[in-house]
Amino acid sequence: MSVRVRYAPSPTGSPHVGNVRTALFDYLLARRFGGQFIIRLEDTDRTRFIEGCEEEILESLRYIGITWDEGPDVGGPNAPYRQSERKEAGLYEPVIKQLLESGHAYYAFETSEELTEMREFQQINKQPTGYFGGNWRDAAPEKVAAAQAEGKPGVIRLRMPRDQRLVIQDAVRGRVEIDGSTQDDPVLIKADGMPTYHFAAMVDDHLMGITHVIRGEEWISSAPKHVWLYEVLGWEQPMWVHVPVINGKDGKKLSKRHGDTRCLDYRDAGYVPGALANFIALIGWAPGDDRELMSMEEMSSLFSVESLNGSPGIFDPDKLIWMNGHYLRAMDAATLRQMVLDYAKRPSTHAYWNEREEGAAMLAGLKLLVDAEAAGDPRLDAALRLEQERVTTLAEFGPACAFFFAPQPELDEKAVEKWFGEAHVAPLFANLDQWLSEQGENPTQAEIEAFLKAQVDVLGVGKLGPIVHPTRVAMTGRTYGPGLWELMEVLGRDRMRERIAHAQTQLR
RNA sequence: GCCCCGGUGGUCUAGCGGUUAGGACGCCUCCCUUUCAAGGAGGAAAUCGCGGGUUCGAAUCCCGUCCGGGGUACCA
C-alpha cells in the first residue's frame, strides 16, 4: 500500500518552525515512497479560529519548498479538506452513530460548572483528574432519554476501557504501553455539535487512508484514546510517529524571546528556502552518515521515520546562518540576482525590517539594488557576485552592496582616522586621480592592480598596505569588503574620481 | 499528585556489546591574502544525566534515581 501522510494544522496562530518541520517530515516521507501528502485544516474550534491563518500556513509550506497532492486550496478525491466543511457534509455522523449503537460512546450532560467542580474535588483528594465516569457513563437509558427530552445540552464521550493496557506502536519510540485506567473519557462531539480533534482527526485519517500519523509529541499522552477509537471502529491503525519539539536556546519553548518564531519571519529576514528546510530537517533527523548539506531531493531519498530522533532539539540560529551562507554562495549569478531582487521587492520584507533596529540600513541598501535593476545598471550582477561570499542572508546584500550604487559612500569615521593621516595619502590620491583622468575607458582590474602596485615604489611606502587601505576607504567608506581591484573595476573611472575628490576633503 | 516521553562536547547529531566515542555549527591557532569573508590545516571542548547491576567487555542490555518536557479541557 502506498504511503499517505497528512499535515493537519489548526488555523489558530502563525506556524513556527516546529510546525513546519513536521510538515517537512510528512513531505519527505511521501516523496521517499512515492506516496501522497495531504493538507487538512483542523478548524473545529470556532472560538480559536484566526482569520488569515490558513493562507499563512500554506504560504509557509510553499516558502520552504513543500508541495502537496491534496489540500484545501487544490482539492482532491477526499474533499473537503477543512473539518468544519467535513462536519457540514455529515461525514462524522455515521461514525458517531455506530459508536453510540455499539455502546462505545455515550451521552453526557454535565455542565461545565459541574465538570470544574468535579476536577477540583479530584485535585483536593489527590485523584487523577478527568472524566472517569461522571453521572452518565453508566446512566440508565431512561435517564439519558429524559435529559434529551428536556433539551439539555450534552456531549458525546468515548467509553475508554478501564481494564486493559493500550499499546501504541510508535516509529520513533517503539512500543508504548499505557494503562487504560489512566485514560478518562474524551469528548467526541461537543455541545455545539462540532467534533473534537480526538474524533474528527481519527475519522478523517481513516477516511483519507492515512498510513503514517506524524504529529507533535504532545499528542503521545492522548494517543491511547486514538488507538482505542481505531480499535472499536475496527479500523487498521496507522503508524504513529510522534516527533519531539524544537526549543529555544534556553531549552524552553520557542518564543519571541528567542528571536523569530514565525516561519515566514525567516523568509522575510532573508533566509533562502533550501537552507531553512535543510536546517530544520536536521533538528531531529539525520541520514545516518555524516551528510549535512542536502537538497530536498537528497533528503527525500534518504528519509525514514525510523531515523527520527526522539529527543527535543534546540534551534541554533548560528548554524542556520552558516547554512544560509553556504546556499547563497552555491547560487549561480542568475538565480542569485532573481532571489535578491524578489526579496528586495517583496512587501513582507519591508514590513519585517520596518519593525527592527537595523531595518533602515537593510531597506536603504536593498532599495539601491532595486533602483539599479530598474536603471539597467550593468554593475548589479558584478556587485552581487563580489559580495556573495561574504554575506549570510539576502538582506545583507543591501548594506553590503550599497557602496557600489550610492552616489557617495559614507566614510567610516574610524577608518578615516586610521588611514587618512599618513603623508603619502595625499600624493597617492592625486596620482590615482591623475592616472584615472588619463584613461579613456574604465580601467580593468589588471590595470588598476598594476598601477596601484607601482605606487608602492613611487611613494616609497615599502608595502601594499599603505596603498590599498586608504584607497579602499576612499572607494567604499569601509575597511572591509571585496578585493580592491575587482571592486574598483566595477565602480568605473568616473565614480572613482568622484570618490577620490570627496576623500581628498577628508584628509587629516 | 497521577500517567507518559526524553537525557552523547555550548548547540545539532552519528553510534545500536569491543571505536583513540565520529561529523557539523560555534570558539581558538596557523596557512592563503590588499582588508573582510570564503577556503585549507590543526586545536580546545563529552568521566555518553547519576548510581547500581548483567557481561571478559556497556554510551549501547536490565533496575533504580535525578533532571527536563508533555498530558491530565466541550483546545488543537
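Quick note on labels: first sequence line is chain A, next is B, and so on, each numbered from 1. What you are looking at is a predicted structure, and each value in this text was computed from that prediction instead of being measured.
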Rounded distance (Å) that lies between atom P of B/U72 and atom CE of A/Met160: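 It works out to 14 Å between those atoms.
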
Spacing of A/Asp412 atom CG relative to B/C36 atom P, expressed in whole Å: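 A/Asp412 atom CG is separated from B/C36 atom P by 15 Å.
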
N/O (side chain, A/Arg329) to phosphate O (OP1/OP2, B/G39) under 4.0 Å: yes

Any A/Asn309 side-chain N or O less than 4.0 Å from OP1/OP2 of B/U8: no

Test: A/Arg157 cationic atom under 6.0 Å from A/Tyr131 six-membered ring centre, within 45° of axis: yes

Centroid-centroid distance, A/Trp136 to A/Phe109, less than 6.0 Å: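 Ring centroids of A/Trp136 and A/Phe109 are less than 6.0 Å from each other.
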
Interface with RNA chain B, restricted to residues 464-486 of chain A and to heavy atoms under 4.0 Å: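 By residue number: A/Leu464, A/Val468, A/His469, A/Arg472, A/Thr479, A/Tyr480, A/Gly481, A/Pro482, A/Gly483, A/Leu484, A/Trp485, A/Glu486.
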
Contact list for RNA chain B against residues 170-181 of chain A - heavy-atom distance below 4.0 Å: A/Arg173, A/Val176, A/Ile178

Any donor-acceptor pair under 3.5 Å from A/Asn324 side chain to A/Gly270 backbone: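 Judged by distance alone, yes, a pair lies under 3.5 Å.
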
A/Arg385 (side chain) donor-acceptor with A/Ala333 (main chain) under 3.5 angstrom: no

Interface polar pairs with nucleotides 73-75 of chain B, N/O, under 3.5 angstrom:
{"unit_1": "B/A73", "atom_1": "OP2", "unit_2": "A/Arg119", "atom_2": "NE", "d": "3.0"}
{"unit_1": "B/C74", "atom_1": "OP1", "unit_2": "A/Arg119", "atom_2": "NH2", "d": "3.4"}
{"unit_1": "B/C74", "atom_1": "OP2", "unit_2": "A/Arg157", "atom_2": "NH2", "d": "3.3"}
{"unit_1": "B/C74", "atom_1": "O2", "unit_2": "A/Ala191", "atom_2": "N", "d": "2.7"}
{"unit_1": "B/C74", "atom_1": "N4", "unit_2": "A/Glu110", "atom_2": "O", "d": "2.9"}
{"unit_1": "B/C75", "atom_1": "OP2", "unit_2": "A/Lys190", "atom_2": "NZ", "d": "3.0"}
{"unit_1": "B/C75", "atom_1": "O2'", "unit_2": "A/Asp45", "atom_2": "OD2", "d": "3.1"}
{"unit_1": "B/C75", "atom_1": "O2'", "unit_2": "A/Arg48", "atom_2": "NE", "d": "3.2"}
{"unit_1": "B/C75", "atom_1": "O2'", "unit_2": "A/Arg48", "atom_2": "NH2", "d": "3.2"}
{"unit_1": "B/C75", "atom_1": "O2", "unit_2": "A/Arg48", "atom_2": "NH1", "d": "3.4"}
{"unit_1": "B/C75", "atom_1": "O2", "unit_2": "A/Arg48", "atom_2": "NH2", "d": "3.4"}

Report all side-chain donor-acceptor pairs from residues 417-425 of chain A shorter than 3.5 Å, counting only partners two or more places apart or in another chain.
{"unit_1": "A/Glu417", "atom_1": "OE1", "unit_2": "A/Arg508", "atom_2": "NH1", "d": "2.7"}
{"unit_1": "A/His424", "atom_1": "NE2", "unit_2": "A/Pro466", "atom_2": "O", "d": "2.7"}

Sugar-phosphate, base or nothing in reach of A/Pro312, heavy atoms under 4.0 Å: sugar-phosphate

Candidates B/A37, B/G1, B/A76 - which lies nearest the side chain of A/Lys126: B/G1

Can you give me the N/O atom pairs linking the protein to nucleotides 21-29 of chain B at distances under 3.5 Å, or say none if there are none?
{"unit_1": "B/G22", "atom_1": "N2", "unit_2": "A/Asp290", "atom_2": "OD1", "d": "3.3"}
{"unit_1": "B/G23", "atom_1": "O4'", "unit_2": "A/Asp290", "atom_2": "OD2", "d": "3.4"}
{"unit_1": "B/G23", "atom_1": "N2", "unit_2": "A/Glu292", "atom_2": "OE2", "d": "3.4"}
{"unit_1": "B/A24", "atom_1": "O4'", "unit_2": "A/Glu292", "atom_2": "OE1", "d": "3.0"}
{"unit_1": "B/A24", "atom_1": "O2'", "unit_2": "A/Glu292", "atom_2": "OE1", "d": "2.5"}
{"unit_1": "B/A24", "atom_1": "O2'", "unit_2": "A/Lys319", "atom_2": "NZ", "d": "3.4"}
{"unit_1": "B/A24", "atom_1": "N3", "unit_2": "A/Lys319", "atom_2": "NZ", "d": "3.2"}
{"unit_1": "B/C25", "atom_1": "O2'", "unit_2": "A/Lys319", "atom_2": "N", "d": "3.3"}

Sequence neighbours excluded and cut-off under 3.5 Å, please list the side-chain donor-acceptor pairs for residues 170-177 of chain A, or say none.
{"unit_1": "A/Asp170", "atom_1": "OD1", "unit_2": "A/Val172", "atom_2": "N", "d": "2.8"}
{"unit_1": "A/Asp170", "atom_1": "OD1", "unit_2": "A/Arg173", "atom_2": "N", "d": "2.9"}
{"unit_1": "A/Asp170", "atom_1": "OD2", "unit_2": "A/His242", "atom_2": "N", "d": "3.1"}
{"unit_1": "A/Asp170", "atom_1": "OD2", "unit_2": "A/His242", "atom_2": "ND1", "d": "2.6"}
{"unit_1": "A/Arg173", "atom_1": "NE", "unit_2": "A/His242", "atom_2": "O", "d": "3.3"}
{"unit_1": "A/Arg173", "atom_1": "NH1", "unit_2": "A/Gly310", "atom_2": "O", "d": "3.4"}
{"unit_1": "A/Arg173", "atom_1": "NH2", "unit_2": "A/His242", "atom_2": "O", "d": "2.7"}
{"unit_1": "A/Arg175", "atom_1": "NE", "unit_2": "A/Glu177", "atom_2": "OE2", "d": "3.3"}
{"unit_1": "A/Arg175", "atom_1": "NH2", "unit_2": "A/Glu177", "atom_2": "OE2", "d": "3.3"}
{"unit_1": "A/Glu177", "atom_1": "OE1", "unit_2": "A/Arg165", "atom_2": "NE", "d": "2.6"}

Watson-Crick or G-U wobble mate for B/G7, both contacts under 3.5 Å: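 The base-pairing partner of B/G7, which may sit in any strand shown, is B/C66.
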
